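These notes are about the structure you will find just below.
Everything numeric in this text was worked out from a predicted model, so none of it was measured.
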Amino acid sequence: MTSDPTTLRRLDQIPKAYHPAETEQRLYAWWEESGYFRPNGNPDAKRFVISMPPPNVTGALHLGHALTASLEDIMIRYHRMRGDNTLWVPGEDHAGIATQTVVERELAKEGSDRQQLGRERFVERVWEWVRTYKSRIQNQHRRLGVSADWTRERFTLDEGLVRAVREVFARLYEEGLIYRGERIINWCPRCMSSISDLEVEVENTPGKLYYVCYPLEGEAGLAPTPSAGATEGETRYISVATTRPETILGDVAVAVNPSDERYRDLVGRYAILPIMNRRIPIVADEAVDAAFGTGAVKITPAHDATDFEIGNRHELERIQVVGFDGKMTEAAGPFAGQDRFEARKGVVAEFERLGLLDKAEDYEVPLGHCSRCGTIIEPLISLQWFVKMLPLATPALGALTYGQMHIVPERFDKIYTDWLENIRDWNISRQLWWGHRIPAWYCGTCGQVTVSREDPTACAHCGSAEIVQDEDVLDTWFSSWLWPFSTLGWPDDTPDLRMYYPTTVMETGYDIIFFWVARMAMAGIHFLGVVPFETVYLHGLVRDEQGRKMSKSLGNVIDPIEVMDQYGTDALRFTLATSGTPGNDIKLSIERIIGNRNFANKIWNAARFVIGQTEGIGGGIPALEAVQPKTLADRWIVSRAQALAAEVTRLLDELQFGEAGRQIYDFFWSEFADWYIEIAKLQLQDEAQRERTAGILRAVLDCVLRLLHPFMPFVTEEVWQHLYADVPEPERPASALIVAPWPRTERAAEQGSRQGRVRRAETLRSGQAQAGFQRDTAAEEEIALLQEIITRIRDARNEAGVPPAKRVPVILAAGPKAAMLRKHAPLIEQLARTEPPRVERMLAAKPQQAVALVAGGVEVYLPLAGMLDVEKELARLDAEIAQAESAAERARGMLANPRFVERARPDVVQRERDALAAAEDTLAKLHARRAELAG
RNA sequence: GGGCGAUUAGCUCAGUUGGUUAGAGCGCCACGUUGACAUCGUGGAGGUCGGGGAUUCGAGCUCCUCAUCGCCCACCA
């Protein structure tokens, strides 16, 4: 065929390599301006809704966000193409303590602090920060290709969300589910705030367990410890163990187990607390484990949760000796004003001096750290607001148990359940300035509390105007747990709320299942009566190539923006989506990203070929199910493409993104590009086949672009626009690939597997079920045989050192396959660089001086006169014989086992019989050839 | 103290209802400018699927057990 000038021009028009940077921004802006990210609003369509986990406005997006964005965008784009009423609500989180900490750090650099600024100016300063970083995060999401509806974007401190938070606080207060009380809470002396149990990171740290002696009242003059001369058996002191000696100063009792014989006589007596010289009772309490330490426990109700409980039962005083600033209080006597750890050393030294330190053992101490700043947590007694969780947790448990919600992967069911079953009240007040201010006012006149949705002007109880609002703000998660409905307009009854609540999939990291997922479930059920999402999909953490967590201090943080700059968004997204499995951590490797950058380029170039080489050939771009495949290759690729579409659809419905992506990759590269396009080059030269081949090339390309679009939105859209460049707008299936219809697939055979619920819901959607296509298994088998023959010939050429360009003669003895192979001989000729093959049923005389191969029962002879090394050839034949022999042996062994033949499924048995027959046939041919060659 | 996950080729990982010869990418070896692509093509080498046991005609996959690594939860001072 002579070169068509238009073809050449067209190929020149499309750049030789895909350049992501040039296309991404342009396409994204166009999509957004065109309104493609907005839901279609069709009340008859199936809904698909995701609430984006709002990133903290503390800084830049990291790879974890990129993973979230990629997976959610895959789902969103897929469902949009399916024609679903698809909504993705984006937003950002004000991240109370986290943001306050960053801004405070900024202030510190300027030599200032929040106290200097005052509350109002400090909050204004944080808003400045938020404005900068919020838009930065939005833009980073845009770079990631996030096709969220930005017109519905929300921030957790938006006016509407403030109203939601107030409504929830007031309602829970009215229901008695929010209360204010004195409890032991986790106090961070650096943040100067209480934090919830979830915000404490416990780390086992080597420390000491100190055994100290408290002399008994009335026996103070006697030698207190054995080391000080006390006699065995005499009871002059009571010994207790502690890891935090500084809290001794706040001790108000010693407790023993009531059934502990050793201490029976001491219960009811008093000990004298050294240093403080305080008279403290010895009490009996079930909470004490007689087997631990000395069996006697010092009781510090102001600094330990268990002691607090024991203190309540025995009406003990609470003496706070460690202050909110981490320094010892006035109540710590001689240690007042000292740092808490300084005081610890001092107390130990003092006990040692007094001869009251029995021993100090090495001991692993579970130390709580503030998850935000790392400071060691001080358990303190403090007046705080709490949410009573049990009444909220019970229905949330039920939602999972009764299947209104399910978690992928399933193993997180247990983690969710265990947490809810052991739920503890939630400390929601924070002594911070950045966040939702607690809507509670205290009356200076009557002392009562007024909780109100609107700012009140007078006390609700006595009408006094002497009211002041609580200084504290709410835990940041107190706004997050309302996210799926507060973003849709709740507490108002909005059209969005009616149409898009509950959401469909909640996709997030497994690390916030308690913080966020479980709490959203509780809030959704409590306030709207419906669990806020049908499916919870949990992904893992993104780690570095060595499997380490990415952290600034390790310096191993990979910035997604830099990755996108270098390799393109599609490469990053595809890598993130295909590198792991649900719930498991991902080790991100740059090599993989490079590989997927190459994949994007492969698509680009294959498309360049299809578009360029078929330019000017009529037939348009047919739908895959409408093409009329004629040749074997046509029938094969169309069958395979349709099977792929069905499989990818199934996998996406099952949320198996990785497997779906891999299948598209494999099909595109190893079937479409490596084989069909190569065959098509041949077919395009045949006038009779040109138009049909061009149509199939375009149809398959179109189909794959659609399947791949959710994963690699940019390169696919760009290519798709090139593909349709000559098709007038009204004749296109859609104005853009992003809104093009998903390939029609056969949707039966999807019943009953693990994610049945989602699947069935997807499958049974109206109007989508298709009459199934028939896989062309005959074509697939015949192509497989041709591929094997061609590959074996290529291999033999390589082995024999035949120059790549040299045509070699080939003779096939193909038995029953002869007719088929004769028909497709040009494929062998072209793809294996042979002379026109001679195809016979049988050969009267075997060619001499030829390499002989057996491929799928077909004898292949390459008469390589002068190039054949008989010794090498014999060795090669022996290797092949050995291989075929072991295959035959295996099958023979299985078939010789009567239990296999009786019990295995008939098709499995038949397969073994076929395998054995094939192996024996191959063996016979190989042996014959070997004999000839040797003889 | 409970619970969970991982362990498959030199490296990073797939492998979803147990069934032909366990796959991919990278790396490695050999060859290569056949008009889409060197971000490429062709071919090849490379694995007792962590150890042991059980169930089964048949186990990478199910069960038990052990080991190593990692994570989560936990008020024994």
Which is true for [X] with a 4.0 Å heavy-atom rule: it touches a base, it touches only sugar-phosphate, or it touches nothing?
X	value
A:A805	nothing
A:T300	nothing
A:Y510	nothing
A:A673	base
A:R597	base
A:P379	nothing
A:T242	sugar-phosphate
A:D674	sugar-phosphate
A:A904	base

Any side-chain donor-acceptor pair under 3.5 Å between [X] and [Y]?
X	Y	value
A:N598	A:Y18	no
A:Y214	A:D251	yes
A:E199	A:S196	yes
A:T300	A:K298	yes

Return the pairing partner of [N] with a 3.5 Å limit on both distances, Watson-Crick or G-U wobble; otherwise return none.
N	value
B:C76	none
B:C11	B:G25
B:U62	B:A54
B:A38	none
B:G5	B:C69

Closest approach to the side chain of [X], judged atom by atom: which nucleotide of [options] is it?
X	options	result
A:N605	B:G41, B:C37, B:G44	B:C37
A:E678	B:G19, B:C37, B:G41	B:C37
A:D289	B:G19, B:G43, B:A77	B:A77
A:R592	B:A38, B:G19, B:U12	B:U12
A:R411	B:G19, B:G5, B:C75	B:G5
A:R662	B:C76, B:A14, B:A36	B:A14
A:K681	B:A77, B:C40, B:A36	B:A36
A:F609	B:C26, B:G44, B:A36	B:A36
A:A17	B:U39, B:C76, B:U20	B:U39
A:E659	B:A14, B:U39, B:C26	B:A14

Rounding to an integer number of angstrom, what distance separates [N] and [M] when you compare their [atom1] atoms?
N	M	atom1	result
B:C49	B:U62	P	15 Å
B:A9	B:G15	P	15 Å
B:G27	B:U39	P	12 Å
B:A36	B:G47	P	38 Å
B:A30	B:A45	C1'	10 Å

Taking donor-acceptor contacts at under 3.5 Å, does the side chain of A:R794 reach the base of B:U42?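 When only heavy-atom distances are counted, A:R794 does not reach the base of B:U42 through any donor-acceptor pair under 3.5 Å.
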
Is any N or O donor-acceptor pair between the side chain of A:Q663 and the base of B:A14 shorter than 3.5 Å?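 It does not, because no donor-acceptor pair links the side chain of A:Q663 to the base of B:A14 below 3.5 Å.
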
Donor-acceptor check, side chain of A:S886 to backbone of A:Q883, threshold 3.5 angstrom: yes or no?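 Yes.
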
Nearest-Å distance, [atom1] ([X]) to [atom2] ([N])?
X	N	atom1	atom2	result
A:R797	B:C31	CZ	C1'	11 Å
A:D585	B:U7	CG	P	13 Å
A:N798	B:C29	CG	P	16 Å
A:N584	B:U8	CG	P	14 Å
A:N204	B:G70	CG	P	14 Å
A:F900	B:U56	CZ	C1'	13 Å
A:K602	B:A38	NZ	P	10 Å
A:I590	B:C11	CD1	P	20 Å

Should the pair A:W604 and A:H722 be assigned to parallel (<30°), tilted (30 to 60°) or perpendicular (>60°) ring geometry?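 Geometry flag for A:H722 against A:W604: perpendicular rings.
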
What heavy-atom pair brings A:L916 and A:A891 nearest, and what distance separates the two atoms?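 Distance-wise, the nearest heavy atoms are CB-CB, 3.8 Å.
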
The test is salt bridge (charged side-chain N to carboxylate O under 4.0 Å, His left out); show your working for A:E378 and A:R244 and say whether it passes. CA-CA 11 Å; A:E378 193 62 37; A:R244 295 190 297 155; 3.5 Å; yes

